[in-house]
Amino acid sequence: MDTEKVKSRYQEASRRYEEMGVDVEQALEKLSQTKISMHCWQGDDVLGFMNEGGALSGGIMSTGDYPGRARNPKELRQDIDKAFSLIPGKHKLNLHAMYADTEEKIDLNEIEPKHFEKWVDWAKENQIGLDFNPSFFNHDMFKDGFTLAHPDKEVRDFWIEHGKRSRKIAEYIGKELGEVSFNNFWVPDGMKDNPIDRLSPRKRLMEAYDEIFEEEVNPEYTIDTVESKLFGIGAEAYTVGSHEFYMGYGLSRNKTILMDAGHYHPTEVISNKISALALFSEHLMLHVSRPVRWDSDHVVIMDDELQEIMREIVRNDLLNRTAIGLDFFDATINRIAAWVVGVRNTQKALLKALLDPVSELKEAESNFDFTKRLVYTEEMKDLPYSDIWNYFCLINDVPVGIEWYEEVKEYERNVLMNR
Ligand code: RNT
Ligand code: ZN
């Protein structure tokens, strides 16, 4: 798109927003300060590099066989670089332990900071932050549907060791990069059919976490987060780490609670939980995902819930306290396009929220002027936020509109198809 046109449209659009009482420059400033934590696992269908030939386990599933999956750390970084080059701003990469980059033959209970040095070097070079996750799946020690809550101590101890080591790695990452690394704990533990004893596995999970978190890590470098879930494939009847489990655990242990948009009952939404959690916890972290009938991890699109999540963050002034991560894996489409669409949509939804006349709307509501609230919120839907977005892409030196798609196609022809 022609640069002058982008600029003049931006000016015209800004005028319209300003008429509604919106400070557009401030919105762009906030948008450019907000990092999205892009998940590495969209690039290889959540397989990782530590379990050769092993399939995805842990009650999650990636479907599709689009060509060009990244098969090693080098390819994955190359693809991530491509995606980031098409996304405005500097962001974070969310790394899983099973993506260790090393020649050494190591297991999950042996990982050390040195096995992630190459990721850290890459992050430094590209000014990208890193978040981290222990990987409690894709492994033989995921036994009988359990990890940390397994009745057998040997199984639990393996995973406890893994969890402890993940914290050391996240601490190392945060220290090296000078930016906090959120380290997220999610375990798939559960049962397919109705359990007799729901309590004992939850007690074991609680105790295993207490052991993992025994040692202090420097909160300037890493913050532990815990992610709940309603069910998984093969754990339909019972998931040990439920929402209530982690609300209780996180709040009593000072752990940050992570809410994944796909991990609740189908009519339940995380947008309605953010404000409640914000009253009781300093930080919160999200996995912005899109459930379609189940926790299907579809690419996030510009739907109502994505917009409502961002509005909640903005209207409650939670941008500085919320870590926004993404979590989807679609193997039926170009994986780089999946990232670009997902991250750009998340940013766009945030921009839309930032372009609302929040104080005016709050005032109307506090005066019980529900008519004005309705009239304004409906009017805002018609304002040309995409002219503001295109300008944001322009000043950040990334493709405007869908110009990025041509670049992805070219990359597909030249790189992905040769894999
Ligand atoms: C699974 C959780 C978890 C994973 C990633 C790979 O249901 O959402 O966050 O998707 O850790
Ligand atoms: Zn998740």
Side-chain angles (χ1 to χ4, degrees), residues 36-51 54-63 70 76 92-100 108 130-139 142 145 147-148 159 162-163 166 169-170 181-190 224-236 238-243 245-246 250 255-266 268 270 273 284-300 305-306 309 322-331 335 338-339 342 346:
I36 308 299
S37 187
M38 187 177 92
H39 54 312
C40 74
W41 53 92
Q42 164 64 61
D44 78 327
D45 314 338
V46 213
L47 292 173
F49 308 128
M50 287 180 69
N51 187 21
L56 180 55
S57 68
I60 51 179
M61 197 162 77
S62 150
T63 52
L76 187 57
K92 285 178 118 180
L93 179 76
N94 202 357
L95 202 57
H96 243 285
M98 64 184 184
Y99 290 83
L108 288 174
L130 287 178
D131 291 316
F132 201 66
N133 307 253
S135 313
F136 293 94
F137 53 97
N138 283 8
H139 195 279
F142 171 57
T147 62
L148 288 176
W159 291 112
H162 176 56
S166 76
I169 294 162
S181 177
F182 287 89
N183 189 30
N184 180 48
F185 286 77
W186 165 73
V187 298
D189 300 34
D224 302 300
T225 72
V226 289
E227 178 181 8
S228 68
K229 196 165 176 176
L230 177 66
F231 79 99
I233 299 169
E236 289 87 358
Y238 169 67
T239 286
V240 183
S242 60
H243 180 57
F245 174 88
Y246 282 112
K255 298 292 162 205
T256 293
I257 288 163
L258 184 151
M259 296 192 294
D260 183 311
H263 288 192
Y264 297 85
H265 287 278
E268 216 180 338
I270 64 169
K273 299 177 189 293
L284 39 153
M285 184 157 180
L286 307 178
H287 271 178
V288 181
S289 188
R290 177 166 55 108
V292 179
R293 306 195 189 284
W294 63 289
D295 177 38
S296 55
D297 295 282
H298 281 59
V299 178
V300 294
E305 173 60 0
L306 178 67
I309 289 170
T322 310
I324 306 172
L326 304 185
D327 187 4
F328 50 77
F329 24 100
D330 188 341
R335 295 171 184 79
W339 269 323
T346 305

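First listed ligand is number 1; within each ligand, the first listed atom is number 1. Hydrogens, waters and symmetry mates are skipped; everything else that's a heavy atom, side chains included, is used.
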Candidate pair Asp45 and Arg335, rule salt bridge (Lys or Arg N to Asp or Glu O under 4.0 Å), full reasoning: CA-CA 9 Å; Asp45 314 338; Arg335 295 171 184 79; 2.8 Å; yes
At a heavy-atom distance under 4.0 Å, which protein residues reach ligand 1? Sort them by chain and number, would you? Trp41, Val46, Ile60, His96, Phe137, Trp186, Glu227, Lys229, Asp260, His263, His287, Asp295, Asp327, Phe329
Is a side-chain donor-acceptor pair under 3.5 Å present for Asp131 with Asn184? no
Under a 3.5 Å cutoff, is there a donor and acceptor pairing between the side chains of Asn94 and Trp41? no
So among His287, Met285, Lys255, which one has a side-chain contact (heavy atoms from CB on, under 4.5 Å) with Thr225? Met285
Closest N/O/S atom of Asp260 to the Zn ion (ligand 2), by atom name? OD2
Please report whether the ring centroid of His139 lies less than 6.0 Å from that of Trp159. yes
Do you know the tightest heavy-atom contact between Asp260 and Ile270? O-CG2, 3.9 Å
The Zn ion (ligand 2) -> Asp327, closest N, O or S atom is OD2
Are Ser296 and His298 linked by a side-chain donor-acceptor pair shorter than 3.5 Å? yes
Given atoms ND1 of His287 and OE2 of Glu227, what angle do they subtend at the Zn ion (ligand 2), to the nearest 10 degrees? 100°
